[in-house]
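None of these values were measured; they are calculated from a predicted model.
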Amino acid sequence: MSRPRFSMMPVVLGLALASAGCAGVPVPVTSSATGAVSIEGAIASIDTRPWTYDGNAVIEVDTADRGRVAVQLPARWNLCQATPVDVDALAVGMHVSAVGAAAGEGRLVVCQDPSHRLVPLR
């Protein structure tokens, strides 16, 4: 009886790609002792269209030292510990402060902690 042939190459390649994708990803924001990250800057764009399919709305914020950061706001605030963001009170050009969890290069998610927020400044 012969054994079925199974190639480990797809598994090895998948693991290599997954680990390479995680290695050395820079966090584009200032990190706090709690793991939350914070930025300040001017709103460059507001896109709430992803909420129509339960995706994250994206508020792009131009920062002085980190470039553009995509601040993501979940469609289902009832699943978050953060206070919901009043998106209707935001406008392009408005100076804001955001605190959230890093979600890869140039991205921040406001949801997981009560300290997370996106608020206008001044």
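Cluster annotation: M94 is connected to V110 through the hydrophobic network of ILVMFWY side chains, with a link wherever side-chain heavy atoms come within less than 4.5 Å. Cluster annotation: V99 and L108 are assigned to distinct hydrophobic clusters (Ile/Leu/Val/Met/Phe/Trp/Tyr, side-chain heavy-atom contacts under 4.5 Å, transitive). If you chain together hydrophobic residues whose side chains sit under 4.5 Å apart, V37 and I39 fall into the same group. Hydrophobic clustering of Ile, Leu, Val, Met, Phe, Trp and Tyr side chains at less than 4.5 Å, counting indirect connections, keeps V119 apart from L73. Under a hydrophobic-cluster definition in which Ile, Leu, Val, Met, Phe, Trp and Tyr are linked whenever side-chain heavy atoms come within less than 4.5 Å, directly or via other members, V61 and V58 are assigned to different clusters.
Between the side chain of W51 and the backbone N or O of N56 there is no donor-acceptor pair closer than 3.5 Å. A side-chain donor-acceptor contact under 3.5 Å links R117 to the backbone of S115.
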### Task
Tell me, with the steps shown, if I59 and V85 meet side chain to side chain contact (heavy atoms under 4.5 Å, CB included).
CA-CA 11 Å; I59 312 295; V85 172; over 6 Å; no

### Task
Decide side chain to side chain contact (heavy atoms under 4.5 Å, CB included) for L90 and L118; before the verdict, give the C-alpha distance in whole Å, the side-chain angles of both, and the deciding distance to 0.1 Å.
CA-CA 9 Å; L90 302 176; L118 174 64; 3.8 Å; yes

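A search for side chain to side chain donor-acceptor pair (under 3.5 Å) contacts involving S45 returns E60, not counting sequence neighbours.
Here the shortest heavy-atom pairing between R68 and A44 reads NH2-CB, 3.2 Å.
Every pair passing salt bridge (Lys or Arg N to Asp or Glu O under 4.0 Å) that includes a residue from residues 70-84 is listed here, sequence neighbours excluded: D54-R76.
Atom CD of Q81 and atom NE2 of H116 lie 9.0 Å apart (nearest 0.5 Å).
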